[in-house]
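These notes are about the structure you will find just below.
None of the values given here were measured: they were computed from a predicted structure. Only this structure's heavy atoms are used, side chains among them; waters, hydrogens and symmetry mates stay out.
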Amino acid sequence: MSMAMRDAAVSGVDPARVAIVGGGLAGLAAAAALAEAGIPAVILESRRHAGGRAASFEDPVSGGLVDACQHVAMGCCTNFLDLCVRTGLTAALRRDRTLSFIGPDGRRAECTPSRRLPAPLHLAPLLLGMRHFTLGEKVALARGMLRLARPAADAESRTALDWLRSSGQPDAVIRLFWQPVIESALGESLDLVSLAAARKVAVDAFLAHRDAADLIVPTEPLGTLFGTRLVGWLRDRGVTVRTGMSATGFDRAAGAIVAVRCGEEAVPCAAAIVAVPWRQAARLLPDVVPAADERLVGSPITAVHLWFDRDVIDVPHAVLVGRVSQWVFRGAAAGHCQVVISASRGLMDGDRERLRDTVVAELREIFPPARTAQLRAARVVTDPTAVLSVRPGVEAVRPSPGTAVANLFLAGDWTATGWPSTMEGAIRSGRAAAEAAGRALGRPVSALVADLPRNPLVRLLAGRL
């Protein structure tokens, strides 16, 4: 028995527990899966609060909590929804079926997929409702979406923009549909994302199932939802959550991890799951985690928070096409709204005041109540590596949960989940790592749930168009 294991036995700590480095969604999901399987776990989070990028800050006007950047899921996010069901969080989620698109001329399209028509025909009301497109452009969009469902040998090496242009998608359709939809879903610009990633969005988020495109919007601040309520659920089931604990290394014996080192303290464990961003993981484990290269990079997302003296947004959320602003969300507090801009590198040359003024001007152009409203406060929040950039070639360097060390596993939305860098991808990675850790300990863990079933009609129509 190692010294760390002997110390654990003396202190009454279960030496058979799994240590999880990182308390973001991936680490929290891994802990939940282990807890349900009866495997002891400890989360070591360097920040004061768990939740990772799903974080909140204090509203400067109301004093409540505001999410740093609006996070949403979709009906196709089966593991996110399953985790929320299992941990009692579903009451804090709102399911919206209607997507509001506001075109360059200000015309609105309230698009609601049909509950009666089978997939992919359920999208007909959505496509037909886009008033900023001509009939010919709507037909081209429908044909392009179905063609995108076909498997392509070059999907991992080709960009989505290149494929859309070569497939005959009109410029207006690319600019006013594909660009805002793909960039919002993947957090990266259309000329950089891979065709495979764009196909994932088209098929799983729109075509495959009637409920796939539903928008799942948290109605509580993420800091409360995950950092307080989910952490409370974990603690009630025996998971130890320690914040302010920065992992600095690992103790090994006979080639296996026996403890996580946090400065001078050794936290003993029978297995470890490292659920931190890729650069941090590579620094902690340079001999295990593949070093980040030009194919493993982040993409920035910017949120512009605005507080007016009255409510100015008359819809819960809307996609703004043909503008700098991409997606606007009405806040919970009176007068608050948030504009989210994905792939925001180089935006306004980093001039935050100019960006704020541009966004305010666009909102006043679109929403009449904003024209006479007084701006009380504003805050621009940019995360330079908000998501993993899903460029061509990135799948080749996204690692699986297992490593060369038998009891060491990786989690995070940057790992090989089959999904882009989203809340769903993070939760899948945590669950996959928990299952792998369970196998290594001889304690079965079954956590991952299947995707929504794909309607065979999708494959049939895609093969004919």
Can you sort out the partners of His209 under ring pair (Phe, Tyr, Trp, His ring centres under 6.0 Å), two or more places apart, ordered by chain and number?
none
Quick one, Pro125 and Thr112 - any side-chain contact, counting heavy atoms below 4.5 Å?
no
Do Glu183 and Leu190 have side-chain heavy atoms sitting under 4.5 Å apart?
yes
So which heavy atom on Asn79 is nearest to which on Leu448, and how close?
OD1-CA, 3.5 Å
Test your reading of the model: is there a side-chain donor-acceptor pair from Asp67 to the backbone of Leu222, 3.5 Å cut-off?
yes
With a sphere of 6.0 Å drawn around CG of Asp105, does it hold more than 12 non-hydrogen atoms of other residues, nucleotides or ligands?
yes
Stepwise side-chain contact (heavy atoms from CB on, under 4.5 Å) test for Leu207 and Leu148:
CA-CA 10 Å; Leu207 293 173; Leu148 193 53; over 6 Å; no
Nearest 0.5 Å, what's the CG-CZ distance between Asp214 and Arg95?
4.5 Å
May I have the step-by-step check of side-chain contact (heavy atoms from CB on, under 4.5 Å) for Val241 and Glu45, ending in yes or no?
CA-CA 8 Å; Val241 181; Glu45 167 57 45; 5.7 Å; no
Can you check whether Ala447's main-chain N or O pairs, donor with acceptor, with Arg431's side chain at less than 3.5 Å?
yes
ring-ring contact (aromatic ring centres under 6.0 Å, His included) for His305 and Phe57? Distances and angles first, verdict last.
CA-CA 11 Å; His305 294 268; Phe57 62 86; 5.2 Å; yes
Donor-acceptor contact present, side-chain Glu156 to main-chain Ala196, <3.5 Å:
no
Heavy-atom closest contact (Thr382 atom, Ser344 atom, distance)
CG2-OG, 4.3 Å
Tell me if a side-chain donor or acceptor on Glu424 pairs with a main-chain N or O of Phe80 at a distance below 3.5 Å.
yes
For atom CZ of Arg165, is the number of surrounding heavy atoms from other residues, nucleotides or ligands below 6.0 Å larger than 12?
no
For Gly425 versus Thr417, what's the shortest heavy-atom pair and its separation?
O-CG2, 3.4 Å
Under 3.5 Å donor-acceptor, Ser429 side chain and Gly412 backbone
yes
For Thr98 and Glu110, which I'm curious about, is there any donor-acceptor pair between the side chains at under 3.5 Å?
no
Nearest 0.5 angstrom please: Leu176 CG to Phe133 CZ, how far?
5.0 Å
Answer yes if the side chains of Arg310 and Thr372 hold a donor-acceptor pair under 3.5 Å, and no otherwise.
yes
Scan side-chain atoms only and decide if Ser114 and Arg116 contain a donor-acceptor pair under the 3.5 Å cut-off.
no
Verify the neighbour count for atom CZ of Arg379: are there more than 12 heavy atoms of other residues, nucleotides or ligands below 6.0 Å?
no
For the OG1 atom of Thr87 and the CG atom of Leu230, what is their distance to the nearest 0.5 Å?
5.0 Å
pair Val217-Gln70: side-chain heavy atoms closer than 4.5 Å:
yes
Calculate, to the nearest 0.5 Å, the distance between atoms CG and SG belonging to Leu83 and Cys77 respectively.
12.0 Å
Looking at Trp414 and Val276, would you say the former's side chain and the latter's main chain have a donor-acceptor pair under 3.5 Å?
yes
So which of Asp451, Asp413, Asp82 actually passes salt bridge (charged side-chain N to carboxylate O under 4.0 Å, His left out) with Arg428?
Asp451
Between side-chain atoms of residues 314-324 and protein atoms elsewhere (two or more places apart, or another chain), which donor-acceptor pairs fall under 3.5 Å?
residue	atom	partner	partner atom	Å
Asp314	OD1	Arg108	NH1	3.0
Asp314	OD1	Arg108	NH2	3.1
Asp314	OD2	Arg108	NH1	3.4
Asp314	OD2	Arg108	NH2	3.3
His317	NE2	Asp96	OD2	2.8
Arg323	NH1	Gly103	O	3.0
Arg323	NH2	Pro104	O	3.3

What orientation do Phe101 and His132 show, parallel under 30°, tilted 30 to 60°, or perpendicular over 60°?
tilted
N/O donor-acceptor pair under 3.5 Å between Arg391 side chain and Leu192 backbone:
no
Nearest heavy-atom approach of Val387 to Gly187 is CG2-O, 3.7 Å
Under 3.5 Å, is there a donor-acceptor pair between the Arg279 and Thr385 side chains?
no
Could you tell me which non-hydrogen atom of Cys69 sits nearest to which non-hydrogen atom of Ile301, and how far apart they are?
SG-CG2, 3.8 Å
Measure the CG-CD1 distance between Asp191 and Ile174 for me, rounded to the nearest 0.5 Å.
11.5 Å
To the nearest 0.5 Å, atom CG of Leu161 lies from atom CD1 of Ile182 at 11.0 Å
Yes or no on side-chain contact (heavy atoms from CB on, under 4.5 Å) for Arg345 and Glu188, after CA distance, side-chain angles and deciding distance?
CA-CA 10 Å; Arg345 64 177 63 83; Glu188 183 56 282; 2.8 Å; yes
Of all heavy-atom pairs linking Phe308 and Leu306, the shortest is CE1-CB, 3.8 Å
Is there a side-chain contact between Leu141 and Trp178, using heavy atoms and a 4.5 Å cut-off?
yes
Test Ile20 against Leu34 for side-chain contact (heavy atoms from CB on, under 4.5 Å), laying out the working first.
CA-CA 11 Å; Ile20 301 170; Leu34 294 168; 4.1 Å; yes
Answer whether the closest heavy-atom distance between the side chains of Pro392 and Thr159 falls below 4.5 Å.
yes
Give a yes or no answer on whether the side chain of Arg229 reaches the backbone of Thr224 with a donor-acceptor pair at less than 3.5 Å.
no
Heavy-atom side-chain proximity of Val72 to Met423 below 4.5 angstrom
no
Tell me, do Thr403 and Leu285 make a side-chain contact under 4.5 Å, heavy atoms counted?
no
Mark yes or no for whether Glu220, through its side chain, and Ala92, through its backbone, hold a donor-acceptor pair below 3.5 Å.
no
Given side chains that start at C-beta, do those of Pro180 and Gln326 come closer than 4.5 Å, heavy atoms only?
no
Measure from the side-chain N and O atoms of Ser184 to the backbone N and O of Val181, and report whether any donor-acceptor pair falls under 3.5 Å.
no
